[in-house]
Amino acid sequence: MSEDLTKKTEELTLENQNATTVLLNKEDFTAKHPLNSKWTLWYTKPQVNKSETWSDLLKPVITFDTVEEFWGIYNSIPVANQLPIKSDYHLFKEGIKPEWEDEKNAKGGRWQYSFVNKRDVKPRDQRLTIEDDENEVNGIVLNIRRGYRVAIWTKDCDSAKLKTIGERFKKVLKLADDQKLEFMSHDTFNAKGEPQLTV
Amino acid sequence: MAKYTEEQLFEAREHAYTPKPDVLDAFSKLVESVREHVANERRVKITNGDSYIDEHGHERSYNHFNRRRLSRGSGPKPNLRKKSETTVDEDGWETTVKPRKSFGGEDHENDRANFRELSKDTTVRVRPNNKNLGSSKAVDPRDAIADKHTNTFNAFEALGDDDDE
């Protein structure tokens, strides 16, 4: 099954490369809404066999570059509560692997929050987006554990830019004032250090 | 740089388009197979590989049958101490008699004799405490000394022995 998926994703190309977009024809409301970057959805499969390594478990699923495709994928993939424990979803810009070793992640960090109880997560359809004018966000991660852990991965640790992203992320997650969102560089996270920023 | 309002992003949902349905289908099947595998592993861990279907059609393990009965319930212990007996004579004087704890002493020789007479024909069936007979514990070598001499003390004999005085 996993090999089948890998084979299919290797052949992956975006259909309708020359399709009409709203950027070319603003009058056409059925035209696609292109995104500023291509994004790849990755999935980490829980280990079911001890011979499986990290690279066997982490696989790209699909790449897309329009808002319509995002919704199509969103509607087709299993929702978080249908994923087995120890699964992860990663949504990263194309060309960036969801690993802190990737050179585009190496100098960055993550805004992170853990929902200890899965029922604490607010309804998922929220009319809130995170603006990324500075092109600071590399990807987002959802870890399925006993609870849920959500994180935004950034390309660097510039606190002035990070604060805005963190505050917006907190609103998206609908966290209360006493529920603190924490930022840690990947180096600090790996050394199990204290968060550098909280909002 | 393309920038959309939230309304535009949500409106685009109506035109959702799945770029590679076969890839997403294969992915969903992969997740489903992992889910089943994890659920099976969990079931085996809980039931130790053996289970039964109860009257409601639910799969249940046999774990509850292995639970040992508590030696004592959680309620309060009954008070079995004998209360002192009070007798009132003709003049209204009350006399409190302490409860008799045993048949010991010369005062109760008749009681002892009566008791022995009553229990003479009674068959006493002794049930062994076989709670630990099936234990898998290693045998303690100190318990294996079968013919160990033990001194026993019989309170009745001691009380009835005149030489003791």
Side-chain angles (χ1 to χ4, degrees), chain A residues 1-9 11-16 19 21-23 29-36 41 43 45-49 57 59-78 82-87 125-129 131-133 135, chain B residues 1-68 74 136:
Chain A
M1 186 68 76
S2 181
E3 285 167 14
D4 189 30
L5 180 68
T6 309
K7 200 178 162 191
K8 281 178 176 164
T9 50
E11 295 163 1
L12 197 64
T13 54
L14 282 166
E15 287 176 351
N16 305 323
T21 71
V22 285
L23 300 183
F29 293 104
T30 59
K32 288 184 177 179
H33 294 71
L35 297 169
N36 294 323
L41 175 71
Y43 175 66
K45 186 171 78 73
Q47 193 183 42
V48 294
N49 182 334
L57 303 176
K59 295 285 178 196
V61 179
I62 197 161
T63 298
F64 61 94
D65 67 352
T66 68
V67 179
E68 287 77 3
E69 285 169 341
F70 165 79
W71 285 121
I73 294 164
Y74 177 89
N75 293 339
S76 307
I77 59 173
Q82 289 174 352
L83 292 179
I85 204 158
K86 293 183 185 171
S87 295
D125 283 350
Q126 299 168 46
R127 291 185 173 256
L128 281 170
T129 52
E131 289 173 18
D132 183 27
D133 293 339
N135 201 22
Chain B
M1 191 187 217
K3 210 169 173 181
Y4 308 110
T5 62
E6 281 183 5
E7 273 64 37
Q8 282 178 309
L9 294 173
F10 276 86
E11 277 166 18
R13 194 174 187 176
E14 291 166 24
H15 305 288
Y17 163 72
T18 312
K20 285 271 182 185
D22 54 338
V23 170
L24 294 177
D25 192 44
F27 173 65
S28 296
K29 282 178 183 162
L30 167 82
V31 171
E32 187 55 37
S33 68
V34 176
R35 269 183 73 184
E36 277 175 20
H37 179 90
V38 171
N40 279 341
E41 273 195 338
R42 195 160 170 261
R43 195 178 304 133
V44 167
K45 202 173 172 186
I46 291 170
T47 63
N48 201 17
D50 198 6
S51 62
Y52 69 99
I53 307 295
D54 70 6
E55 65 273 24
H56 305 294
H58 299 131
E59 187 179 13
R60 299 192 63 188
S61 71
Y62 287 101
N63 289 348
H64 59 291
F65 287 141
N66 299 332
R67 202 178 299 148
R68 295 180 83 170
S74 55
S136 57

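Chain A is the first sequence line, chain B the second, and so forth, proteins listed ahead of strands; every chain is numbered from 1.
In this structure, CD1 on A:I85 lies 12.5 Å from CZ on B:R35, to the nearest 0.5 angstrom. Separating the OG atom in B:S28 from the CD atom in A:Q82 is a distance of 8.5 Å, to the nearest 0.5 Å. The NE2 atom of B:H15 sits 12.0 Å away from the OG1 atom of A:T66 when rounded to the nearest 0.5 Å. How far CG of B:L9 is from CD of A:E68: 9.5 Å, rounded to the nearest 0.5 Å.
Scanning all heavy atoms of the two residues, the minimum distance from A:G72 to B:T18 falls at O-OG1, 3.7 Å. Of all the heavy atoms in B:A12 and A:W71, the pair that sits closest is C-CD1, 3.7 Å.
Checked by atom type and distance alone, the side chain of B:Y4 pairs as donor or acceptor with a backbone atom of A:P34 at under 3.5 Å.
Between A:N75 and B:R13, some side-chain heavy-atom pair lies under the 4.5 Å cut-off.
Using the six-membered ring where Trp is involved, B:F27 and A:Y43 have ring planes that are perpendicular, over 60° apart on the 30 and 60° scheme.
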